[in-house]
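Take a look at the structure set out below.
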Amino acid sequence: QVLLVESGGGLVQPGGSLRLSCAVSGRTLRRDVMAWFRQAPGKEREYVSAITWNSGSRDIADSVKGRFTISRDYAQNTVYLQMNSLKPDDTAVYYCALKSDYGLMKIADAYDYWGQGTQVTVSS
């Protein structure tokens with residue numbers, strides 16, 4: 001069974017930082033893509049960032065570019081999202097996702113496996 005478990009969410013003031021983690025078990029990652037999405041109440045699930053597992057090639061949404069950084073620990077099957085200069089608009093449940101091909105990286109429906117989500121709240 002493939003399992004993705006997110007952690008690291010919480011409450012932070014505007015301008016603060018958090019680092020999210022997503023640990024994958026039950027699968028050896030090779031030609032895979034891992035991504036972060038987020039979903040705020042009443043809104044559609046939004047693409048945030050993605051990374052190819054073997055090469056570490058990165059992509060990031062314009063809305064968080066310059067503030068968020070995706071990375072992976074190849075040996076530990078773990079992907080991270082470093083979130084700096086957080087804004088209230090970043091408040092959402094953040095999900096990590098996994099798929100086994102390189103196409104349609106920004107489309108949520110293309111992903112095969114999802115974590116349970118971790119809440120990020122940015123508020124004074």
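Counting begins at 1 with the first residue of the sequence.
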Side-chain (Q116) to main-chain (V5) donor-acceptor, under 3.5 angstrom: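 No; judged by distance alone, with no hydrogens or angles, the pair does not exist.
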
Shortest non-hydrogen contact from [X] to [Y]?
X	Y	value
C22	M34	SG-CE, 4.0 Å
T118	G9	OG1-N, 3.2 Å
Q82	S17	NE2-CB, 4.1 Å
A50	V33	CB-CG1, 4.1 Å
S63	E46	OG-OE2, 3.5 Å
A92	Q119	O-NE2, 3.4 Å

Partner set under salt bridge (charged side-chain N to carboxylate O under 4.0 Å, His left out) for R19, not counting sequence neighbours: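 If we apply the salt bridge (charged side-chain N to carboxylate O under 4.0 Å, His left out) test to R19, skipping adjacent residues, there are no hits.
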
ILVMFWY network linking V24 to Y113, side-chain heavy atoms under 4.5 angstrom: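 The answer is yes; both residues are in one hydrophobic cluster.
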
Single-linkage hydrophobic cluster I60~M105, side-chain heavy atoms < 4.5 angstrom: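 Not linked; separate clusters.
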
L81/V79 under side chain to side chain contact (heavy atoms under 4.5 Å, CB included): CA gap, chis, key distance, verdict: CA-CA 7 Å; L81 186 69; V79 65; over 6 Å; no

Check against side chain to side chain contact (heavy atoms under 4.5 Å, CB included), M83 and V12: CA-CA 11 Å; M83 309 165 67; V12 64; over 6 Å; no

Pairs where residues 15-44 contributes a residue and the test ring-ring contact (aromatic ring centres under 6.0 Å, His included) is met, not counting sequence neighbours: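 Every pair satisfying ring-ring contact (aromatic ring centres under 6.0 Å, His included) with a residue in residues 15-44: F37-Y47, F37-Y111, F37-W114.
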
ring-ring contact (aromatic ring centres under 6.0 Å, His included) partners of residues 76-97, not counting sequence neighbours, each pair once: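 Output for this query is empty, none listed.
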
Validation row: I70, V48 side chains within 4.5 angstrom (heavy atoms):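 Answer no - side chains too far apart.
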
Side chain proximity check, P14 to S124, heavy atoms < 4.5 angstrom: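 Yes - at least one pair of side-chain heavy atoms lies under 4.5 Å apart.
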
Full working for side chain to side chain contact (heavy atoms under 4.5 Å, CB included) between S100 and D112: CA-CA 8 Å; S100 59; D112 303 306; 3.8 Å; yes

Salt bridge (charged side-chain N to carboxylate O under 4.0 Å, His left out) partners of residues 89-105, not counting sequence neighbours, each pair once: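 The answer is R38-D90, R67-D90, K99-D101.
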
Residue pairs fulfilling side chain to side chain donor-acceptor pair (under 3.5 Å) with at least one residue in residues 69-78, sequence neighbours excluded: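 For residues 69-78, and leaving out neighbouring residues, the side chain to side chain donor-acceptor pair (under 3.5 Å) pairs sorted by first residue read N54-Y74.
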
CA sep, side-chain torsions, deciding dist, call: L98, L29, side chain to side chain contact (heavy atoms under 4.5 Å, CB included): CA-CA 9 Å; L98 169 67; L29 300 177; 3.7 Å; yes

Test side-chain hydrogen bond (donor to acceptor under 3.5 Å, both in side chains) applied to S85 - qualifying residues, sequence neighbours left out: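 Result, side-chain hydrogen bond (donor to acceptor under 3.5 Å, both in side chains) vs S85: none returned.
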
Inter-residue atom distance L4.CG - R27.CZ, 0.5 Å rounding: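 Result: 10.0 Å between the selected atoms.
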
